[in-house]
There are 2 protein chains.
Amino acid sequence: MNEQLNLSQQVCFPIYAFAKEIINQYRPMLDAIELTYPQYLVMMVLWEHDSQTVNQLGGKLHLDSGTLTPLLKRLETKSLVSRTRSTTDERIVNITLTQKGKELQTQAATIPQKLMQAMNLEMEDLEELKRIITKISNKNK
Amino acid sequence: MNEQLNLSQQVCFPIYAFAKEIINQYRPMLDAIELTYPQYLVMMVLWEHDSQTVNQLGGKLHLDSGTLTPLLKRLETKSLVSRTRSTTDERIVNITLTQKGKELQTQAATIPQKLMQAMNLEMEDLEELKRIITKISNKNK
DNA sequence: CGTAATTAAATTGTGTACAATTTAATTTTA
DNA sequence: TAAAATTAAATTGTACACAATTTAATTACG
């Protein structure tokens with residue numbers, strides 16, 4: 001990635017740079033459905049399991065309400081989700097897919113394959129990468 | 001990292017989440033020297049090779065002037081770097097370490113080892129991770 | 001029961017990220 | 001050489017990311 005940075009830096013910079021590179025590769029595909037990458041992640045979680053609280057989304061995506069509240073308001077403005085305060089516990093806000101939000105899943109369905117083509121990736125590379133990250137992440141439990 | 005996200009998403013989300021996790025692990029160490037992670041990256045590049053243009057820094061860190069200009073102004077406010085417009089080509093701004101900026105390197109020297117301890121990482125894990133990322137990144141050249 | 005502690009979102013403030021545009025300087029080229 | 005094209009930073013605007021605080025609601029407990 002870069003020769004001039006010393007080894008101790010190369011330890012973590014490549015991951016940081018690679019994550020940004022992936023998001024940049026997603027950009028044109030996500031632009032087509034007018035989502036940012038974090039918005040796409042939220043939609044993915046909701047497509048997998050509709051109706052979740054802000055905290056539940058945050059737990060899965062490692063994001064707090066300071067990030068999610070404005071992001072979810074933007075998704076609401078686009079009529080992709082609705083934000084409803086729970087009647088049984090008024091502290092909780094439930095995030096639910098709208099019809100439009102559900103329908104977007106079809107358009108988004110081809111994105112993962114397109115990304116792999118765009119990045120010229122093999123399934124085996126990704127599996128290997130995932131395996132190592134999982135291995136490292138699991139060390140701190 | 002999370003079981004509820006489907007496979008196609010897990011392809012890239014783990015890298016995104018892992019990069020954020022690393023930056024969060026850096027935070028307490030960087031707080032101690034009052035740098036953010038991107039600011040630390042800029043200082044690392046300058047410690048490696050002092051005096052670089054905004055474009056050179058951006059090329060190495062994959063950041064544009066929209067990100068770097070305000071960041072460098074903050075480093076200048078902290079008296080860690082100086083920003084000087086080139087006399088031979090007035091379009092270019094040279095970023096140079098101040099004495100204080102150079103001295104900070106000593107304090108920062110222990111950070112990489114501390115990070116590895118904090119994350120409970122082995123050198124071999126990182127080498128493996130780096131190897132795969134390099135392999136994938138090199139596919140697109 | 002009523003107050004204290006906890007919890008869930010929202011808010012506030014700082015600092016990236018990046019696209020798009022602007023400004024100013026330098027090169028190209030007709 | 002003068003206009004056109006290019007280049008380097010800076011600026012503008014939108015959208016995260018996260019710490020810290022605030023607000024409101026619920027639960028715990030003396």
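Proteins get letters first, then strands, A, B, ... in listed order; numbering begins at 1 in each.
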Verify the contact: side-chain N or O of A:Thr36 to OP1 or OP2 of D:dT14, cut-off strictly under 4.0 Å; return yes or no. no
Give one of base, sugar-phosphate or nothing for A:Leu63, where a contact means two heavy atoms less than 4.0 Å apart. sugar-phosphate
Expressed as a whole number of angstroms, how long is the span from A:Leu35:CG to D:dC16:C1'? 14 Å
Is there a path of hydrophobic side-chain contacts, each under 4.5 Å between heavy atoms of I, L, V, M, F, W or Y residues, that connects A:Ile15 with A:Tyr37? yes
Between A:Lys78 and A:Thr88, which is nearer to the 5' end of DNA chain D once each is assigned its nearest nucleotide? A:Lys78
Distance test, side-chain N/O of A:Gln39 to OP1/OP2 of D:dC16, below 4.0 Å: yes
Measure the distance from CG on A:Leu57 to P on C:dA9 and round it to the nearest whole Å. 9 Å
Is there a side-chain contact between B:Asn55 and the phosphate of D:dT7, meaning an N or O under 4.0 Å from OP1 or OP2? no
Can you name the nearest heavy-atom pair linking A:Lys20 to B:Leu61, along with the distance? NZ-O, 3.5 Å
Does A:Arg85 place a side-chain N or O at less than 4.0 Å from the phosphate oxygens OP1/OP2 of D:dT23? no
Toward the 5' end of DNA chain C, by each residue's nearest nucleotide, B:Pro70 or A:Leu68: A:Leu68
Separation of A:Leu72 atom CG from C:dT11 atom P, in whole Å? 12 Å
Is any NZ, NE, NH1 or NH2 atom of the basic residue among A:Lys135 and B:Glu122 found under 4.0 Å from an Asp or Glu carboxylate oxygen of the other? no
In whole angstrom, what separates B:Asn24's CG from D:dC18's C1'? 8 Å
Looking at A:Lys100 and A:Lys78, would you say the former's side chain and the latter's main chain have a donor-acceptor pair under 3.5 Å? yes
Base D:dA8 to side chain B:Ser65, donor-acceptor N/O within 3.5 Å cut-off: no
The answer to which of B:Asp64 and A:Thr67 contacts DNA chain D further toward the 5' end, by nearest nucleotide, is B:Asp64
Nearest-angstrom distance from the residue atom CD of B:Glu90 to C1' of C:dT26: 11 Å
Rounded to the Å, how far apart are A:Gln25 CD and C:dC18 P? 12 Å
Side-chain N or O of A:Lys73 less than 4.0 angstrom from OP1 or OP2 on C:dT11? yes
Closest to the 5' end of DNA chain C, once A:Arg91 and A:Tyr16 are matched to their nearest nucleotides, is A:Arg91
Parallel, tilted or perpendicular: which one describes the rings of A:Tyr26 and A:Tyr40, with boundaries at 30° and 60°? tilted
A:Leu30: which of A:Thr36, A:Leu115, A:Ile111 passes side chain to side chain contact (heavy atoms under 4.5 Å, CB included): A:Ile111
Between atom NZ in B:Lys20 and atom P in D:dA17, what is the gap in whole Å? 5 Å
Respond yes when some side-chain nitrogen or oxygen of B:Arg74 is under 4.0 Å from OP1 or OP2 of C:dT16, and no when none is. yes
How many whole angstroms separate atom CG of A:Leu30 from atom C1' of D:dA15? 14 Å
Consider the side chain of A:Arg83, meaning its heavy atoms from C-beta on, and name the nucleotide among D:dT7, D:dC16, C:dA10 that approaches it most closely. C:dA10
Side-chain N or O of A:Thr69 less than 4.0 angstrom from OP1 or OP2 on C:dT11? no
N or O in side chain of A:Arg27 less than 4.0 angstrom from C:dA19 OP1/OP2: yes
